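As the structure is a computational prediction, the values presented were derived from the model and not from experiment.
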Amino acid sequence: MSAARTAAVIGGGIAGPAVALALHKAGIETTVYEQHPVRDKAAGGTIALAPNGVAALHLLGAGSAVEAAGQRLDRQIMTLGGDRRIELPGLPGAGPYQAISRAEVSRILRELAIGHGVRFEYGKRLTAARENERSVTAVFGDGSEATADVLIGADGVHSVVRGLIDPGAPGPAYTGMLAFEGWAPVGVESDERTMVFAFGERAYYLYWATPGGGTGYGINLPQPTPMSLTEARRVPVAEWMTVLRETYRNDVPGGALIEGTDPATLQVNGALHIMPPVPHWHRGRMVLVGDAVHAPSNSSGQGASLAVESAIQLARCLRDAGDVPGAFRAYEKLRRRRVEGIAAQAARVNRTKAPGAVGKALMPVLMRLLLKTAMKPERTMAPALRYRIDWDERVAA
Ligand SMILES: Cc1cc2nc3c(=O)[nH]c(=O)nc-3n(C[C@H](O)[C@H](O)[C@H](O)COP(=O)(O)OP(=O)(O)OC[C@H]3O[C@@H](n4cnc5c(N)ncnc54)[C@H](O)[C@@H]3O)c2cc1C
């Protein structure tokens with residue numbers, strides 16, 4: 001018998017519907033509570049799903065839909081200052097990345113979960129929780145409550161559940177960068193299967209040719225003072241366009257991409273955060289999954305993939321452990337080392353994207369280190385990208 005019969009999942013982004021699907025596979029009845037009043041409010045923006053994440057999505061039955069909706073990317077190129085162009089070696093047999101909107105991944109997982117009988121409730125913002133020996137009750141901002149055997153915090157980087165588990169838990173750390181996304185009807189020298197990571201004169205960006213013409217791009221703009229998403233979106237887009245034009249004016253093709261962008265289509269995605277190691281992943285009947293416990297920075301290209309992996313591993317542990325505390329301990333043991341290792345690797349990349357005064361002086365050394373890492377993928381990237389979960393294997397106590 002599984003350690004729990006029912007689960008309340010807080011958050012309907014990516015980890016929430018993924019854990020709901022995995023719990024369904026494990027025979028646990030689940031309801032997902034999302035704070036936004038409408039379904040498709042999940043933040044947009046393009047993400048690249050890594051091969052390990054795509055494999056985890058296949059395990060949940062969502063892989064084919066994601067591959068059909070996504071843009072397959074098999075090549076990665078790094079450019080330094082525009083003139084040096086280095087093709088990063090691939091990992092044979094690991095599988096491609098998939099570029100897809102975050103909202104689309106969320107929708108695919110949610111619709112699949114609903115098809116399996118998972119309930120979703122909207123406009124439910126968790127504010128508190130009460131526990132006793134047998135159950136946990138979620139309390140929502142609208143005064144309603146929901147009781148289940150376990151409560152799973154899939155509520156993202158600003159998690160409320162994290163603070164309920166441990167009021168002293170660390171909050172997200174600002175990376176010193178603001179994210180933007182755009183598209184321009186501008187051709188680039190690479191094809192639709194290639195992602196280019198460009199270290200420009202003043203700032204980092206990445207771009208990919210889109211099917212049917214044009215180029216999509218993501219920007220990590222150094223910005224020393226943190227800005228919330230609301231604050232960043234309050235700044236008129238014309239002002240952001242001026243800043244971006246100035247920042248990328250000497251970069252190829254960065255300058256042309258900004259010039260060619262219709263300002264009305266520029267997406268302001270706000271401050272980029274990472275989660276420092278979280279001391280307590282669980283307490284009593286409450287546990288964390290996804291960005292709430294391990295947001296590794298977008299430099300890793302792994303946030304969503306790790307969220308789906310953790311969702312599956314948590315469900316396996318609840319399926320196989322004799323009781324809830326045992327399941328949560330086994331889950332943390334399976335996941336902590338992996339996610340913290342990937343986060344540490346990504347933090348090193350971040351230092352090259354938003355260097356401070358000392359970082360700027362050390363830039364050539366940092367770049368050499370980064371290249372060395374990228375050039376030995378079997379040693380440095382294979383553990384992340386070749387990770388596969390065996391759903392049928394029993395989790396050891
Ligand atoms: C600019 C940017 C680029 C990125 N690029 C990549 C990439 O290329 N590859 C990649 O793998 N990852 C990328 N990521 C990271 C990826 O988006 C996250 O890792 C992923 O979305 C985590 O999913 P999650 O469900 O844990 O959190 P979220 O997607 O943030 O979902 C959390 C959900 O919980 C809800 N919620 C919050 N609080 C409450 C509450 N109190 N009550 C009820 N509901 C609540 C929120 O409304 C939200 O719907 C990127 C992130 C950013 C910001």
Side-chain angles (χ1 to χ4, degrees), residues 9 11-22 24 32-74 95-116 118 120 122 154-157 179-184 192-195 206-219 229 233 264-270 272 289-292 295-296 298 300-312:
V9 172
I14 291 179
V19 79
L21 265 173
H24 165 77
V32 178
Y33 300 92
E34 165 59 45
Q35 66 181 352
H36 286 302
V38 283
R39 287 176 173 202
D40 291 314
K41 196 71 179 56
T46 306
I47 57 172
L49 290 168
N52 51 302
V54 176
L57 286 162
H58 272 291
L59 207 150
L60 294 177
S64 301
V66 163
E67 283 168 350
Q71 182 181 343
R72 179 190 166 120
L73 298 167
D74 331 68
Y97 279 75
Q98 294 288 340
I100 183 169
S101 91
R102 185 158 38 155
E104 186 67 359
V105 180
S106 180
R107 184 192 62 76
I108 290 169
L109 288 166
R110 182 184 64 235
E111 288 183 357
L112 210 58
I114 289 172
H116 287 300
V118 172
F120 280 72
Y122 291 87
D155 50 347
V157 79
F180 298 82
E181 185 172 328
W183 180 86
E192 289 167 18
R193 294 265 173 111
T194 305
M195 180 70 89
L206 55 85
Y207 61 91
W208 61 99
T210 50
T215 303
Y217 63 89
I219 275 176
L229 183 59
R233 286 190 175 161
T265 63
L266 184 80
Q267 287 183 48
V268 183
N269 290 334
L272 287 166
V289 71
D291 271 13
N298 67 321
S300 68
Q302 280 286 350
S305 295
L306 292 181
V308 178
E309 285 180 7
S310 287
I312 296 171

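Within the structure, salt bridge (Lys or Arg N to Asp or Glu O under 4.0 Å) pairs that include any residue of residues 50-69 do not occur (at least two apart or interchain).
Of all the heavy atoms in Ala304 and Ile47, the pair that sits closest is CB-CD1, 3.7 Å. Across all their heavy atoms, Val32 and Gly12 have their closest contact at CG1-CA, 3.9 Å. Closest approach of Gly213 and Trp183 over heavy atoms only: O-CZ2, 3.5 Å. The shortest non-hydrogen separation linking Pro51 to Gly95 is CG-O, 3.1 Å. Here the closest non-hydrogen pair linking Ala307 and Gly290 is CB-CA, 3.8 Å. Scanning both residues, Tyr122 and Pro37, for their nearest heavy atoms gives CB-O, 3.5 Å.
The closest side-chain donor-acceptor pair between Asn52 and Gln302 falls under 3.5 angstrom.
The side-chain heavy atoms of Leu306 and Glu309, taken from C-beta on, include a pair separated by under 4.5 Å. Contact check for Pro96 versus Leu73: no side-chain heavy atoms found under the 4.5 Å cut-off. Using a 4.5 Å cut-off on side-chain heavy atoms (C-beta onward), Met195 and Tyr97 make no contact. Counting only heavy atoms from C-beta outward, the side chains of His24 and Val19 never approach each other to under 4.5 Å.
The side-chain hydrogen bond (donor to acceptor under 3.5 Å, both in side chains) search around Tyr33 returns none, not counting sequence neighbours. Under the side-chain hydrogen bond (donor to acceptor under 3.5 Å, both in side chains) criterion, Thr46 pairs with Glu181, sequence neighbours left out.
Of the inter-residue distances, the one linking Arg110 atom CZ with Glu34 atom CD reads 9.5 Å to the nearest 0.5 angstrom. Leu57 CG to Ile108 CD1: the interatomic distance, rounded to the nearest 0.5 Å, is 8.5 Å. Taking CZ of Arg193 as the start and CG of Asp74 as the end, the distance is 5.0 Å to the nearest 0.5 Å. The structure places OG of Ser305 at 9.0 Å from CD1 of Ile14, a figure rounded to the nearest 0.5 Å. We find the CZ-CD1 distance between Arg72 and Ile100 to be 14.5 Å, quoted to the nearest 0.5 Å. Rounding to the nearest 0.5 Å places CG of Leu109 at 6.5 Å from CG of Leu60.
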**Prompt:** Hey, mind stepping through Phe180 and Leu266 against side-chain contact (heavy atoms from CB on, under 4.5 Å) and telling me if it holds?
**Reply:** CA-CA 7 Å; Phe180 298 82; Leu266 184 80; 4.0 Å; yes
**Message:** Between Asn269 and Arg233, does the side-chain contact (heavy atoms from CB on, under 4.5 Å) criterion hold? Intermediate values first, please.
**Reply:** CA-CA 8 Å; Asn269 290 334; Arg233 286 190 175 161; 4.0 Å; yes
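Using modelled atom types, no side-chain atom of Thr215 and backbone atom of Ala184 make a donor-acceptor pair closer than 3.5 Å.
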